[in-house]
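One structure is given below, encoded as structure tokens.
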Amino acid sequence: MSNFKTIDDLDVAGKRVLVRADLNVPMRDGEVTDTTRIDRTVPTVRELSEKGAKVIVICHFGRPKGRVVPEMTLKPVAAALGQALGRDVAFAADCIGAQASSVIDAMADGDVAMLENLRYHAGETGNDPAFAASLAALGDLYVNDAFSCAHRAHASTEAIARILPAAAGRLMQAELDALSGALDDPDRPVCAVVGGAKVSTKLDVLGNLTKKVDVLVIGGGMANTFLHAKGVDVGNSLCERDMAETARAIMAGAEANKCEIVLPIDGVVAREFKENAANETVAIDAVPSDSMILDAGSETVKAVNEKLASCKTVVWNGPMGAFEIAPFDRATNAVAREAARLTREGRMVSVAGGGDTVAALAHAGAERDFTYISTAGGAFLEWLEGKTLPGVAVLGV
Ligand code: 3PG
Ligand code: MG
């Protein structure tokens, strides 16, 4: 299915290979607090090193806006990568110029180095050809392993791939294969579960999905906007009342495309948004005017899980309720666990990604059984929107 080059197509022995990774990892007090993104890119780095390449990892951290912001140094990330690899990772205090080339000149075949934050230079986010050329001068080959940055047309994700022979790393390859398997050429029926607080942030996602999937489950706060648009009184719930017309247009589009939209039929309501707030489960047309829906109810969970069981593929983005505060995590947990069970039994392909999603699935203890969980936030959403991702397009996909 892949129509892009991978590491298999490159002869890397003895070559300087620039690897664009996304190591924009969570940090506190100069320490990496979650190594997921590091761990996921290790196979690419290790394979290249074992094949005798000089592996030069390039990445960004935070948004320093083209200036040197010392707190945004990648130095601790280089140390964490070294730990994950079980070997030394050299570090260059600048990603271009003399400091970078002297570190690279000292590398032996199989060595690994990391260069300082790309975004210390404005040319990075500006996709500046001159900056891209300075980066490209440091390598012979370019490998992009940063799907989660592929929605950015930046020098290290876009312009550089026009200069050096370019290929996808193993993580990029896995992301593209999993994602295109789930939406471009999936086993049907396909179900999408989309949750989260606001319709307004996921309009294009919902619009695109109604054209691609057979069942669209809408959960979380955004379901309230759809319920309101259908004339349901959602009481004091989070609801974008000015989006009612848009919600109706999405529902009409779904109907035209024979995509079934599944909305909550009951809800867990409370008077305050806080952990263990007094709550009750009510039918969706019986929400008290002073209460908010904080989770989908058990009848909804039952209906959604029945739908899931009839589908062969699920694409998941966003929680079904306020999963961060107990007990309003129940619907998210129950539906996530059902998708995990169906996947474990070989009855379903499940792909998830985007922002809160990974945290919600991990909270449910479901993430290990999903077929694929993307490391991407914004890039996953833009892919769900059906957009062309510049960092992917330039690889020839
Ligand atoms: C991310 O963490 O989502 C990626 O690294 C992209 O970062 P950005 O949103 O600052 O471009
Ligand atoms: Mg982001």
Side-chain angles (χ1 to χ4, degrees), residues 18-28 31-42 44-45 57-69 71-78 80-81 84 95 114-128 131-132 135 142-161 168-169 171-172 174-176 178-179 196 201-202 204-205 316-318 351-362 372-385 387-395:
L18 290 167
V19 177
R20 177 51 159 115
D22 184 1
L23 301 184
N24 194 25
V25 290
M27 281 222 263
R28 201 182 309 121
E31 298 270 347
V32 176
T33 56
D34 176 15
T35 61
T36 307
R37 280 180 168 173
I38 296 174
D39 301 335
R40 298 280 283 270
T41 214
V42 155
T44 297
V45 174
V57 180
I58 53 174
C59 39
H60 76 277
F61 187 80
R63 293 176 177 168
K65 303 209 166 86
R67 292 172 300 115
V68 174
V69 178
E71 308 83 76
M72 293 186 189
T73 178
L74 278 166
K75 209 161 181 194
V77 180
L81 176 63
C95 63
M114 187 186 286
L115 310 184
E116 184 55 289
N117 198 341
L118 292 159
R119 291 188 183 172
Y120 282 178
H121 294 267
E124 165 61 359
T125 53
N127 202 18
D128 173 23
F131 177 71
L135 277 177
Y142 168 75
V143 167
N144 189 347
D145 215 24
F147 174 78
S148 45
C149 298
H151 57 318
R152 309 287 182 215
H154 291 174
S156 69
T157 60
E158 211 275 345
I160 191 172
L171 175 57
M172 172 70 93
E175 295 264 3
L176 293 176
L179 270 47
T201 58
K202 293 193 185 167
D204 294 339
V205 169
W316 187 306
N317 172 261
V351 174
D356 265 358
T357 311
V358 181
L361 295 182
Y372 194 78
I373 297 192
S374 174
T375 54
F380 187 86
L381 283 179
E382 291 199 21
W383 169 76
L384 281 185
E385 289 168 3
K387 285 198 183 135
T388 301
L389 308 182
V392 170
V394 79
L395 295 177

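For reference, positions follow the sequence shown, starting with 1. When a ligand or atom number is given, it counts from 1 through the structure's own listing order.
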* Please identify which atoms of ligand 1 are closer than 4.0 Å to at least one heavy atom of Arg37. => 1 (C), 2 (O), 3 (O), 5 (O)

* To do: For Asn144, enumerate each residue passing the side-chain hydrogen bond (donor to acceptor under 3.5 Å, both in side chains) test, keeping only those at least two apart in sequence or located in another chain.
  => Tyr142

* Asked: Would you find a donor on one side and an acceptor on the other, under 3.5 Å apart, between the side chain of Arg37 and the backbone of Thr375?
  -> yes

* Spatial distance of atom CG (Asn127) from atom CZ (Arg152) [nearest 0.5 Å] -> 12.5 Å

* To do: Heavy-atom contacts with Arg63 under 4.0 Å: which atoms of ligand 1 show up? List them by number with element.
  => 8 (P), 9 (O), 10 (O)

* To do: Decide whether an N or O pair under 3.5 Å exists between His151 and ligand 1.
  => no

* Asked: Atom CZ in Arg20, atom NE2 in His154: separation rounded to 0.5 Å?
  -> 8.5 Å

* To do: Can you sort out which atoms of ligand 1 are near Arg152, meaning under 4.0 Å from one of its heavy atoms?
  => 8 (P), 9 (O), 11 (O)

* Do the non-hydrogen side-chain atoms of Glu175 and Phe380 ever get within less than 4.5 Å of each other? -> no

* Asked: Does His60, backbone or side chain, put an N or O under 3.5 Å from an N or O of ligand 1?
  -> yes

* Asked: Taking N or O atoms only and a 3.5 Å limit, does Ser148 qualify as a polar contact for ligand 1?
  -> no

* Result of checking Glu124, His121, Arg119 against Ser156 for side-chain hydrogen bond (donor to acceptor under 3.5 Å, both in side chains) -> Glu124

* Asked: Just which atoms of ligand 1 are under 4.0 Å from any heavy atom in Asp22?
  -> 4 (C), 5 (O)

